[in-house]
Colleague: 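The structure that follows is given in the form of structure tokens.
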2 protein chains.
Amino acid sequence: MNERPKIKDIAERLGVSAATVSRALSDSGLVAEPTLSRIREVAREMNYRPNVSARNLRTQRAMAVLMVVRDVGNPFYLEILKGVEATARAAGYSVLMGNTENDSDREVEYFDMLRDGHADGMILMTGKLPAREGFLDSVADAPIVVALEEIRDAGFPHVMIDNEGAARDAVEHLIGLGHKRIAHISGPVPEIMSVSRRNGYRAAMQAAGLAIPDGYEPVGDYLLHTGQRLCRELFELPQPPTAIFVANDEMAFGVIHELRRLGLDVPGDVSVVGFDDLFLSEAFYPPLTTVSQPRAEIGRAAMNMLLDMLAGGLTPRKPAMLPTTLKIRGTTAPAPK
Amino acid sequence: MNERPKIKDIAERLGVSAATVSRALSDSGLVAEPTLSRIREVAREMNYRPNVSARNLRTQRAMAVLMVVRDVGNPFYLEILKGVEATARAAGYSVLMGNTENDSDREVEYFDMLRDGHADGMILMTGKLPAREGFLDSVADAPIVVALEEIRDAGFPHVMIDNEGAARDAVEHLIGLGHKRIAHISGPVPEIMSVSRRNGYRAAMQAAGLAIPDGYEPVGDYLLHTGQRLCRELFELPQPPTAIFVANDEMAFGVIHELRRLGLDVPGDVSVVGFDDLFLSEAFYPPLTTVSQPRAEIGRAAMNMLLDMLAGGLTPRKPAMLPTTLKIRGTTAPAPK
DNA sequence: GTGAAAGCGCTAACAT
DNA sequence: ATGTTAGCGCTTTCAC
């Protein structure tokens, strides 16, 4: 590590000006050939790296973007991150990860990082803005792309999947197998993503003329243990379901775990459909039937949109909708008689 | 977003100097009371945030650290990250995530981020240095803490678990259940972590006087599908094992998945022990017997060590060894006759 | 306790 | 094609 050479050191050693060195190193095409090569060579030899603070201060850009999620601990976000990262790197940007844990203060902190020059733009996947009066106004024209979740009426560009449609497809699959008593464990309401998936469930049920009994729509929080608990409650009902559509895979794992403890066979006694297609879902036993999202693609699309905005492009009015796939595996079977 | 007020704006509005504003905002205790409060108030009112590039340039510190892993996609790292992050935040540092994908160029890039001022220190969890001649010398005195994996002879402080001891305990558990034909699916050799776990396996086998037949030590790469494939190969052997100690949970999931496909019961026909205790391991079916590491604690310990170094403390000579626990769950049972 | 002034390392406008 | 100069926004001596 030791000495950190600066542009001036290189310049002095070659008897040229600092400006020339800067130009040579930035491929500006403004430096002539005998000098150019010598500068590059010396820079490499001295192991020179430009100081980012100085450069960012001067250029007023950080060449970094912020990707903000609720919970870095959720493996779901990782493949999205990979998509974001690959696209960002290709454009010379680095990616900072932000983790809010649903804490409003931390949400604000990440928005602050935009204002203090830590990052030039943000991909927001928390599904909400900090609950502060007038907050939206203060960030309305910032370079922000909302992905995965939705923030209505904020005017930000969106990259999403059709949660409602995907949920409807999943429930229709269950209905097609002859199930009539189908329950839904949702995510936190009234968050839009949770509501959309629940709406898809309701739409499919209604279209098939099936009733949704009291207690068939317990509200969860996407966590494993909650799936377990809500499943138990479902089976304390006078008329328990024969199929459950769960709003995400993690809760679905909890549900299946609990069903097993209750001595019920999956899918013999109860069918289960999840949502997300985590990398473990296929190796789970039984392999989980679930809705698969193009995660890396979501990341790439969001980052591309953000790059457009940073380059001065306009913000797209219409959300980008990416397609989902229902992966039919081992946790769904015809309804028991 | 709009206007980004600077210190000068605040100063002018109050008729004080920029220096005073800077001092007031940094809690230096050098500004007297009538002024102090007014500055703070105006700063809040103007929604002021100091520009990080300018500050970092001036102070020559980024107040950020880099946590570099092989694969952000591995949920294993997430809880470590949480530990690192919590400790870092408390000390006023932010955490940048680095993802190498085992690519030497990317590894170098992250070291460069130390030199270009992006970060002040690094927590390295890749288990190796970039394979460049003289590389070690160039970073030998950088503020780097190695966690999880080990880099021998580099002189960096380490935060680790006793991989060999934990592996030996795991295998002894199997031996205690009466198993004699025990195979081990390892991680990539010759990486130290993989080798350590394999050594633990060998030590336990030898101590029990058990032979390790040819083909009983297939080498994997910690990935799900590899576990599947190597398991299949194991059962094409003339004398297949009755128990398998797998170097991580992800491969163990693959192994169990494959055993099921082969029509073998876990743990009735074959016992399996993993290593990591992922958050899904307990909900898996059968619940996985595995070695649990104190992940968040590893993150906290590593970050604390790094903070010490950044504060000018000495680098500890002896690695910090954190304790592991063998979680005995549902994938291990007495050996079949 | 506060202000004036210098300077962190870099890039960009202007000059030649 | 290269050099000179100024300045990004902040913190920190050094004065008073």
Side-chain angles (χ1 to χ4, degrees), chain A residues 1 3-40 42-43 46-64 92 112-120, chain B residues 1 3-40 42-43 46-64 92 112-120:
Chain A
M1 204 78 354
E3 325 300 293
R4 309 193 179 197
K6 31 184 103 166
I7 270 194
K8 207 169 142 224
D9 298 328
I10 301 181
E12 282 172 0
R13 184 146 142 200
L14 271 74
V16 297
S17 76
T20 303
V21 175
S22 172
R23 287 191 275 250
L25 262 25
S26 60
D27 297 311
S28 63
L30 294 172
V31 180
E33 196 28 86
T35 337
L36 184 61
S37 303
R38 287 172 54 224
I39 291 177
R40 285 189 177 150
V42 171
M46 297 178 81
N47 211 352
Y48 170 77
R49 290 238 88 205
N51 178 304
V52 287
S53 298
R55 168 185 288 170
N56 292 350
L57 176 59
R58 179 66 234 231
T59 61
Q60 303 286 40
R61 302 193 308 156
M63 292 309 282
D112 283 345
M113 289 178 69
L114 243 48
R115 308 185 52 257
D116 68 21
H118 253 119
D120 303 322
Chain B
M1 204 78 354
E3 324 301 296
R4 310 197 178 194
K6 30 184 106 164
I7 271 195
K8 206 170 140 222
D9 299 327
I10 302 181
E12 282 173 0
R13 183 145 142 201
L14 270 75
V16 297
S17 76
T20 303
V21 175
S22 172
R23 286 191 274 249
L25 262 25
S26 61
D27 297 312
S28 62
L30 294 173
V31 179
E33 193 31 83
T35 337
L36 184 61
S37 302
R38 285 171 56 223
I39 291 177
R40 287 190 175 148
V42 171
M46 295 178 81
N47 212 352
Y48 170 76
R49 292 237 87 205
N51 178 304
V52 288
S53 298
R55 167 183 290 168
N56 292 348
L57 176 58
R58 180 64 233 235
T59 60
Q60 303 286 40
R61 303 193 306 159
M63 293 308 283
D112 283 346
M113 288 179 68
L114 243 48
R115 309 185 52 258
D116 67 21
H118 253 116
D120 304 321

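It should be emphasised that the depicted structure is a prediction, and the values quoted were computed from it without experimental measurement.
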Colleague: Please name all residues satisfying side chain to side chain donor-acceptor pair (under 3.5 Å) with B:Thr20, sequence neighbours left out, ordered by chain then number.
Modeller: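 For B:Thr20 the side chain to side chain donor-acceptor pair (under 3.5 Å) partners, ignoring immediate neighbours, are B:Ser17.
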Colleague: Under the rule for side-chain contact (heavy atoms from CB on, under 4.5 Å), what residues qualify as partners of A:Ser37, not counting sequence neighbours?
Modeller: A:Glu33
Colleague: Search all heavy atoms of B:Val31 against all heavy atoms of B:Ala24 and return the closest pair with its distance.
Modeller: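 Scanning both residues completely, I find the closest heavy atoms to be CG2-N, 3.6 Å.
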Colleague: What is the separation between atom CG on B:Leu25 and atom P on D:dG9, rounded to the nearest whole Å?
Modeller: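 Nearest whole value for this atom pair: 16 Å.
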Colleague: Does the side chain to side chain contact (heavy atoms under 4.5 Å, CB included) test come out yes or no for B:Asn47 and A:Arg115, once each step is laid out?
Modeller: CA-CA 10 Å; B:Asn47 212 352; A:Arg115 308 185 52 257; 3.7 Å; yes
Colleague: Filter on side-chain hydrogen bond (donor to acceptor under 3.5 Å, both in side chains), then keep only pairs touching residues 6-16 of chain A, sequence neighbours left out; what's left?
Modeller: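 Applying side-chain hydrogen bond (donor to acceptor under 3.5 Å, both in side chains) to every pair that reaches into residues 6-16 of chain A, excluding sequence neighbours, yields A:Arg13-A:Glu45.
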Colleague: What is the minimum heavy-atom distance between A:Ala54 and B:Leu57, and which atoms define it?
Modeller: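 That would be CB-CD1, 3.7 Å.
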Colleague: With sequence neighbours excluded, tell me which residues meet side chain to side chain donor-acceptor pair (under 3.5 Å) with B:Arg40.
Modeller: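 So B:Arg40 forms a side chain to side chain donor-acceptor pair (under 3.5 Å) with B:Asp27.
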Colleague: A:Ser22 or B:Leu57: which one's nearest nucleotide on DNA chain C is closer to the 5' end?
Modeller: B:Leu57
Colleague: Polar-atom pairs under 3.5 Å, protein N or O versus N or O of nucleotides 13-16 of chain D: list them with distances, or write none.
Modeller:
none

Colleague: Of all nucleotides in DNA chain C with an atom under 4.0 Å from a non-hydrogen atom of chain B, which is the first and which the last going 5' to 3'?
Modeller: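 Nucleotide range with atoms under 4.0 Å of chain B: C:dG1 to C:dG9.
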Colleague: Taking DNA chain C as the partner, which of residues 10-18 of chain A come within under 4.0 angstrom of it by heavy atom?
Modeller: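 Of all residues in residues 10-18 of chain A, none places a heavy atom under 4.0 Å from DNA chain C.
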Colleague: Donor-acceptor pair, A:Ser22 side chain versus A:Ala18 backbone, under 3.5 Å?
Modeller: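 Pair absent, no side-chain N/O of A:Ser22 close to backbone of A:Ala18.
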Colleague: If you look at every heavy atom in A:Gly117 and A:Ala62, which pair is closest and at what distance?
Modeller: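 Shortest heavy-atom separation between A:Gly117 and A:Ala62 comes out as O-CB, 3.3 Å.
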Colleague: According to salt bridge (charged side-chain N to carboxylate O under 4.0 Å, His left out), who are the partners of A:Asp116, at least two apart in sequence or on a separate chain?
Modeller: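 Applying salt bridge (charged side-chain N to carboxylate O under 4.0 Å, His left out) to A:Asp116 gives B:Arg49.
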Colleague: With the side chain counted from C-beta on, respond yes when B:Val42 and B:Tyr48 share a heavy-atom pair under 4.5 Å apart, and no when they do not.
Modeller: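 A side-chain contact under 4.5 Å is absent here.
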Colleague: Sequence neighbours left out, what pairs pass side-chain hydrogen bond (donor to acceptor under 3.5 Å, both in side chains) with at least one residue falling in residues 50-61 of chain A?
Modeller: none
Colleague: Could you tell me how far apart A:Asn56 (CG) and D:dC10 (C1') are, to the nearest whole angstrom?
Modeller: 14 Å
Colleague: Can a side chain N or O of B:Tyr48 be found less than 4.0 Å away from OP1 or OP2 on D:dC10?
Modeller: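 True: B:Tyr48 side-chain N/O within range (under 4.0 Å) of D:dC10 OP1/OP2.
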Colleague: Using the C1' atoms of five pairs at each end, what's the angle between the two axes of the helix from C:dG1-D:dC16 to C:dT16-D:dA1, to 10 degrees?
Modeller: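 Inter-axis angle at the termini of the helix from C:dG1-D:dC16 to C:dT16-D:dA1: 40°.
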Colleague: A:Ile7 has an atom CD1; how far is it from atom P of D:dG7, in whole Å?
Modeller: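 Spelled out: CD1 on A:Ile7 to P on D:dG7 is 19 Å.
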Colleague: Below 4.0 angstrom, which residues in residues 26-36 of chain A have at least one non-hydrogen atom near DNA chain D?
Modeller: A:Leu30, A:Val31, A:Ala32, A:Thr35
Colleague: Of the non-hydrogen atoms in A:Leu25 and A:Ala43, which two are nearest, and what is the gap between them?
Modeller: CD1-CB, 4.1 Å
Colleague: Could you tell me which non-hydrogen atom of A:Met63 sits nearest to which non-hydrogen atom of A:Gly92, and how far apart they are?
Modeller: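 Distance-wise, the nearest heavy atoms are CE-O, 3.7 Å.
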